[in-house]
Amino acid sequence: MASDSGNSHQIFQTAAEIPSFFVSYRWWEDEATTVFWAFDIQEISRIIRFGLFRDENFPRTSLRSRNADTIDTFLIALSEPHEYQLLDSLSHMQRVEEILRRSSIPPFEAVPWSWFPPQSSPTLDALEIAIAIENESHLHFSQIDFEEFVRAALGYNALFVDWFLQQHTALYLILLNHLQAHPEDIPLYSNVEKHLRSRSPFAHRALLRSLLTVAPGSNRDMPNPNTPGFGFIAGPIQEMFQDQPGRLSDMLKMLSVLAIRFRRQYAHAADMNWKAPFDTSTAFLEDCLLYPSPMDLALNMKGLDEQHFTEINRQKLVADNATNLLATRNYHSLMAMINGLRNYSISTMRTGLDNGTAATVAFEALITSEVASLMSPTENYVNYRRHYKKYPGIPFLIPHIRDFKHNGDAGLEPVLQFLQRN
């Protein structure tokens with residue numbers, strides 16, 4: 001048994017699960033150093049979030065070397081007005097740490113593998129067991145931030161990715177111990193292996209290895225692929241850095257957009273596709289300007305929104321919560337655009353103040369008073385909710401979810417009625 005445990009550590013290694021990647025010049029590291037000596041806190045914050053540098057203490061030492069006024073300006077740009085008074089009491093070192101905290105991905109939380117083989121029984125179903133293992137593997141995958149995959153793809157340390165692989169090594173040991181104690185279950189788990197071939201490659205490999213250990217002669221029809229398990233996500237990321245050298249600022253903006261797509265496609269998806277390459281193509285404002293008229297752009301957004309909202313039912317509306325519903329159109333897209341314009345105007349205002357110049361963009365000048373009144377957050381968007389009852393469409397979900405929490409099904413009824421008609 002000790003030898004099995006020792007060999008189990010060879011099943012999953014991060015370097016083996018990521019496609020090989022080599023560039024003669026890691027241009028983004030030099031550009032990151034330059035950005036840290038500039039004055040754009042948004043760019044600095046993105047670099048901290050993605051961590052594209054070998055010295056993990058680099059952001060801290062760089063920020064500590066900046067003068068107090070600059071650090072104060074940086075922290076204010078990352079804060080809300082109601083926080084200013086509290087931040088005044090922080091020392092220089094504490095302000096640096098606060099900038100790092102606000103710019104970083106959430107702290108790592110080690111969630112151990114929780115699925116265990118059910119008690120031996122002739123009524124056990126191989127497909128049900130395979131689905132349970134797949135769901136557990138998908139759950140652990142969804143705990144990995146996109147930023148961690150970017151780091152792993154470029155050869156940096158990625159704690160979340162390492163932990164994911166460790167938990168699949170734990171799965172191997174769990175299965176091995178079970179099959180050694182219950183050899184009568186070997187035929188059952190041989191059928192489970194067949195169902196896992198089209199599912200998580202990590203879970204499949206853990207089960208395959210345990211079967212081959214307890215029954216070495218059972219490998220005649222068992223595939224044993226040697227391709228990197230994370231190739232579908234790491235490969236496309238690596239291509240981005242090879243095809244677009246010398247554009248770190250633009251690269252980080254694209255990666256920030258792709259992080260949203262990643263969460264929608266993998267973390268929030270009901271079914272996980274472990275083989276299809278991650279789509280790294282991105283559409284920005286310049287792409288929208290190619291439409292011949294505003295109506296063409298609006299119709300295109302409407303089509304995209306309707307396509308996504310057709311997959312929503314009552315259970316998803318309640319369980320997934322608004323932040324998981326990344327569809328668009330009318331009220332939903334309108335609110336997303338308003339928030340984007342509001343954030344842009346605030347960012348522009350702060351930049352203008354930092355540079356000693358007047359702001360050139362005001363939020364009030366970007367939208368009409370009618371639209372601002374309709375989408376005002378006052379009383380849980382009461383104006384919008386009244387308007388929606390008369391003119392239903394693809395919804396802005398946050399007020400409907402809040403209404404549901406306070407008033408039950410009646411809060412979602414207008415949305416559900418619209419979805420049932422479409």
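Computed over heavy atoms, backbone and side chain alike; hydrogens, waters and symmetry mates excluded.
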Enquirer: Test your reading of the model: is there a side-chain donor-acceptor pair from S137 to the backbone of I133, 3.5 Å cut-off?
Expert: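 The answer is no, because no donor-acceptor pair under 3.5 Å joins these two groups.
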Enquirer: Hey, could you give me the CG/NE2 distance between L165 and H140, rounded to the nearest 0.5 Å?
Expert: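 If we round to the nearest 0.5 Å, L165:CG and H140:NE2 are 12.0 Å apart.
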Enquirer: Check for a donor-acceptor pair, side chain of S103 on one end and backbone N or O of L100 on the other, with a separation under 3.5 Å.
Expert: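 No, the answer is negative, given that no donor and acceptor are paired below the 3.5 Å cut-off.
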Enquirer: Parallel, tilted or perpendicular: which describes the rings of F278 and Y266, with under 30° parallel and over 60° perpendicular?
Expert: tilted
Enquirer: Using atom types as modelled and distance alone, determine if a side-chain donor or acceptor of N177 lies under 3.5 Å from a backbone N or O of L173.
Expert: yes
Enquirer: Given side chain to side chain contact (heavy atoms under 4.5 Å, CB included), test N380 with R385 step by step and report yes or no.
Expert: CA-CA 8 Å; N380 189 26; R385 288 186 289 114; 3.7 Å; yes
Enquirer: Mind running salt bridge (charged side-chain N to carboxylate O under 4.0 Å, His left out) on E43 and R46 for me, showing each step along the way?
Expert: CA-CA 5 Å; E43 283 196 14; R46 282 190 286 268; 5.0 Å; no
Enquirer: Restricting to non-hydrogen atoms, name the atom on A153 and the atom on I237 that form the minimum distance, rounded to 0.1 Å.
Expert: CB-CG2, 4.0 Å
Enquirer: Evaluate salt bridge (charged side-chain N to carboxylate O under 4.0 Å, His left out) for E97 paired with R101, printing each intermediate quantity in order.
Expert: CA-CA 6 Å; E97 294 303 317; R101 185 188 69 81; over 6 Å; no
Enquirer: Which atoms form the tightest heavy-atom contact between V415 and P395, and what is the distance?
Expert: CG1-CG, 3.7 Å
Enquirer: To the nearest 0.5 Å, tell me how far E148 CD sits from N157 CG.
Expert: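 These two atoms lie 9.0 Å from each other.
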Enquirer: Taking the side chain as every heavy atom from C-beta outward, state whether I129 and P118 have any atom pair closer than 4.5 Å.
Expert: yes
Enquirer: Would you find a donor on one side and an acceptor on the other, under 3.5 Å apart, between the side chain of R261 and the backbone of V257?
Expert: no
Enquirer: What is the ring orientation for Y384 with Y381, classed by angle as parallel under 30°, tilted 30 to 60°, or perpendicular over 60°?
Expert: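 Y384 and Y381: perpendicular rings.
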Enquirer: In sequence, state the C-alpha distance, the side-chain angles, and the governing distance for F141 and F149, and then conclude on ring pair (Phe, Tyr, Trp, His ring centres under 6.0 Å).
Expert: CA-CA 11 Å; F141 185 93; F149 275 119; 5.1 Å; yes
Enquirer: Once you round to the nearest 0.5 Å, how far does CD of Q94 lie from CD1 of I99?
Expert: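 Output value for this atom pair is 12.5 Å.
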Enquirer: Would a 4.5 Å heavy-atom cut-off, applied to side chains only, mark V214 and P183 as touching?
Expert: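 V214 does not reach P183 side chain to side chain.
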Enquirer: Are any side-chain N or O atoms of N191 and backbone N or O atoms of A126, one a donor and one an acceptor, separated by less than 3.5 Å?
Expert: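 No: the side chain of N191 does not pair with the backbone of A126.
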Enquirer: In Å, rounded to the nearest 0.5 Å, how long is the span from CZ of R151 to CG of L159?
Expert: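 Rounded to the nearest 0.5 Å, the CZ-CG separation comes out at 10.0 Å.
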Enquirer: Whether R26 engages the ring of Y156 as a cation-pi pair (distance to the six-membered ring centre under 6.0 angstrom, angle to the ring normal within 45°) should be assessed.
Expert: yes
Enquirer: With sequence neighbours left out, write down each residue that passes ring pair (Phe, Tyr, Trp, His ring centres under 6.0 Å) with H168, or none if nothing qualifies.
Expert: W113, F164, F202
Enquirer: Could you pull out the closest heavy-atom pair between P19 and A234, with the gap in Å?
Expert: CD-CB, 3.8 Å
Enquirer: If every non-hydrogen atom of W163 is compared with every non-hydrogen atom of A110, which pair is closest and at what distance?
Expert: CZ2-CB, 3.6 Å
Enquirer: If we only count heavy atoms from C-beta on, is the P117 to I174 side-chain gap below 4.5 Å?
Expert: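 Counting from C-beta outward, P117 and I174 do come under 4.5 Å.
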Enquirer: Identify the two heavy atoms, one from D145 and one from P106, that lie closest to each other, and give their separation to 0.1 Å.
Expert: OD2-CD, 4.2 Å
Enquirer: Compute whether any side-chain donor of one residue and acceptor of the other, for D30 and Y25, lie under 3.5 angstrom apart.
Expert: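 Y25 and D30 do have a side-chain donor-acceptor pair below 3.5 Å.
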Enquirer: Are side-chain heavy atoms of L52 and F241 found at a separation under 4.5 Å?
Expert: yes
Enquirer: Could you go through the side chain to side chain contact (heavy atoms under 4.5 Å, CB included) check for I71 and N67 one step at a time?
Expert: CA-CA 6 Å; I71 292 300; N67 64 53; over 6 Å; no
Enquirer: State plainly whether the residues R205 and E17 are in salt-bridge range, i.e. N to O under 4.0 Å.
Expert: yes
Enquirer: Any sub-3.5 Å donor-acceptor pair from E147's side-chain atoms to G51's backbone N or O?
Expert: no
Enquirer: Mark yes or no for whether R64, through its side chain, and M93, through its backbone, hold a donor-acceptor pair below 3.5 Å.
Expert: no
Enquirer: Run the side chain to side chain contact (heavy atoms under 4.5 Å, CB included) test on D279 and L258 for me, step by step, so that the C-alpha distance in whole Å, both residues' side-chain angles and the decisive distance to 0.1 Å come before the verdict.
Expert: CA-CA 8 Å; D279 180 13; L258 291 175; over 6 Å; no
Enquirer: For F74, which residues count as a ring pair (Phe, Tyr, Trp, His ring centres under 6.0 Å) partner, sequence neighbours excluded?
Expert: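 By the ring pair (Phe, Tyr, Trp, His ring centres under 6.0 Å) rule, F74 matches no residue at all.
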Enquirer: Answer yes or no: is there a donor N or O on one side and an acceptor on the other, between the side chain of T33 and the main chain of E29, under 3.5 Å?
Expert: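 Present.
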Enquirer: For the pair Y189 and S210, evaluate side chain to side chain contact (heavy atoms under 4.5 Å, CB included) and give the outcome as yes or no after the intermediate values.
Expert: CA-CA 10 Å; Y189 281 89; S210 66; over 6 Å; no
Enquirer: Ring centres under 6.0 Å, that's the criterion: do F36 and F58 meet it?
Expert: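 Yes, the ring of F36 comes within the 6.0 Å limit of the ring of F58, centre to centre.
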Enquirer: Under a 3.5 Å distance rule, please check whether S45 uses its side chain to pair with a backbone N or O of I41 as donor and acceptor.
Expert: no
Enquirer: Is there a side-chain contact between S20 and Q238 in this structure, where contact means two heavy atoms from C-beta onward sitting under 4.5 Å apart?
Expert: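 Heavy-atom side-chain distance check fails, nothing below 4.5 Å.
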Enquirer: Does CG belonging to D271 count more than 12 external heavy atoms closer than 6.0 Å?
Expert: no
Enquirer: So, do F116 and H178 have ring centers that fall under 6.0 Å from each other?
Expert: no
Enquirer: Would you compute the distance between atom CG of L252 and atom CD1 of I47 and round it to the nearest 0.5 angstrom?
Expert: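 Here the rounded value is 6.0 Å.
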Enquirer: side-chain hydrogen bond (donor to acceptor under 3.5 Å, both in side chains) between S114 and E136: does it pass, once the steps are laid out?
Expert: CA-CA 8 Å; S114 62; E136 177 89 5; 3.0 Å; yes
Enquirer: Apply the side-chain hydrogen bond (donor to acceptor under 3.5 Å, both in side chains) test between D72 and each candidate in R95, H92, R66; give the one that qualifies.
Expert: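 One option only clears the test, and that one is R95.
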Enquirer: For D125, does its backbone N or O pair with a side-chain atom of E128 as donor and acceptor, under 3.5 Å?
Expert: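 Pair absent, no side-chain N/O of E128 close to backbone of D125.
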Enquirer: If I take atom CG from residue L171 and atom CD1 from residue I11, how far apart are they, to the nearest 0.5 angstrom?
Expert: 9.0 Å
Enquirer: Are P277 and P236 side-chain neighbours, meaning at least one heavy-atom pair lies under 4.5 Å?
Expert: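 Result yes, sub-4.5 Å side-chain heavy-atom pair found.
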Enquirer: Ignoring hydrogens and angles, state whether a donor on the side chain of W274 or E134 is under 3.5 Å from an acceptor on the partner side chain.
Expert: yes
Enquirer: Do S249 and V35 have side chains that approach each other closer than 4.5 Å (heavy atoms only, starting at C-beta)?
Expert: no
Enquirer: Are F146 and I105 packed together at the side-chain level, in the sense that at least one heavy-atom pair is separated by less than 4.5 angstrom?
Expert: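 Heavy-atom side-chain distance check fails, nothing below 4.5 Å.
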Enquirer: For L175 versus L207, what's the shortest heavy-atom pair and its separation?
Expert: CD1-CA, 3.7 Å
